Amino acid sequence: MALSFDKAEIRSALSLDNIFDILTEWGGEPEYTDFGILSSTICHNLPGEGSHKLYYYENSGLFRCYTGCQESFDIFELTMKVADIQSGKHYDLNDAVRFIAFKFGIIIHSEEEIEQPDFEDWKILNSYDRIQKVELKKNEITLQDYDPTILSRLNYTLKIAPWLREGMTQAMLDCAMIGYYLGGDQITIPHFDKDGRFVGLRGRTMCKEEAERFGKYRPIVINKQLYNHPLGMNLYGLNWSKENIKIMKKAIVFESEKSVLLYGSYFGLENNISVACCGSNLSVYQVQLLLDAGAEEIIIAFDRQFQELGDKEFKHLTANLTKIHNKYKNFATISFIFDKGMLTGYKSSPIDHGPDIFLQLFKERIYL
Ligand SMILES: [Zn+2]
């Protein structure tokens, strides 16, 4: 049967948030910017391997990759590229258009009846390969877990000293099973879901050139097994903090795992209400996890990603935070730890300069 999807019609029906959400699902770790969205280059890399050089321009509705790809392309071409890279499957333009239309429930005015796409075949695109099952009724997603025996083969005595010097306690590092992978010269950070299932293994590289090429954090590959997971579908640390979040009705969201480990080190696991979203955006699903845990206030504690009040990065950051606020304010109180007094360093997490400064910033947090 011939398909008569109107490509342009579907494209114009997509919101910026739709694009953002699908980039998140595909592991692009997107960020909102003043021109649209900045994502890692999942157009020609696996998730976690590319730099943040894939630009999406809201005004044109086109992507532009500044490293591996030539020319601009739209969401359908990106769908085909991601299908190829992440599942090794070939999708033609019709497949891609149908996928996007059904994914976002865009109703097409068409004379002909439209075939229901075979979602089983598109599983990887639909929900990324690590998602085991999606229960629409409860809106619950279960990530596939990995065999945790790999964790017993990592080194737990070597080279974690830099993190101890930054203020983490050995007890916290032991609890989080922070180790070292010699083969990759990486500190290893196992990710667990809210029930403590092992769903991913991320590495913090200790090699400067690697960090510049690929970013400081990336999923670990051991024996050709890539231990990745869609970061936007989990919250690092929720397995430790969920009971306290239920009692306190508050949750603190940091960008990185290290901040959760510092929080636990300073205030004790019994007082820990922190999680990391592993990036600078908070997905709908992550908010859902916090609401399910009983959070009534979600305290965003992102890094000080600006040099001066009012500079370009400051504008990006405040725009991103405002966006988060507007997106979720009807579900919970959204507040912000925001270092306008410049007590911490450039690019620091609010917890990086010790418990006293953190508590001061926490008390002075902002309600929009
Ligand atoms: Zn590319």
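Whatever order the structure lists ligands and atoms in, that order sets their numbers, starting from 1. Values in this document were obtained by computation on a predicted structure and should not be read as measured data.
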Can you run down the salt bridge (Lys or Arg N to Asp or Glu O under 4.0 Å) pairs that involve residues 149-158, sequence neighbours left out, and say none if there aren't any?
none
Protein N/O/S atoms under 2.8 Å of the Zn ion (ligand 1)?
Cys43 SG, His44 ND1, Cys65 SG, Cys69 SG
Flag yes if more than 12 heavy atoms outside Glu71 fall under 6.0 Å of its CD atom; otherwise flag no.
no
Side-chain ion pair, Lys258 and Glu166, N-O less than 4.0 Å
yes
Please determine whether a side-chain nitrogen of the Lys or Arg among Lys315 and Asp34 lies less than 4.0 Å from a carboxylate oxygen of the Asp or Glu.
no
With sequence neighbours excluded, residues passing salt bridge (charged side-chain N to carboxylate O under 4.0 Å, His left out) with Arg64
none
Mind checking side-chain contact (heavy atoms from CB on, under 4.5 Å) for Lys323 and listing every partner two or more places apart, or none if nothing turns up?
Leu16, Asp17, Tyr32
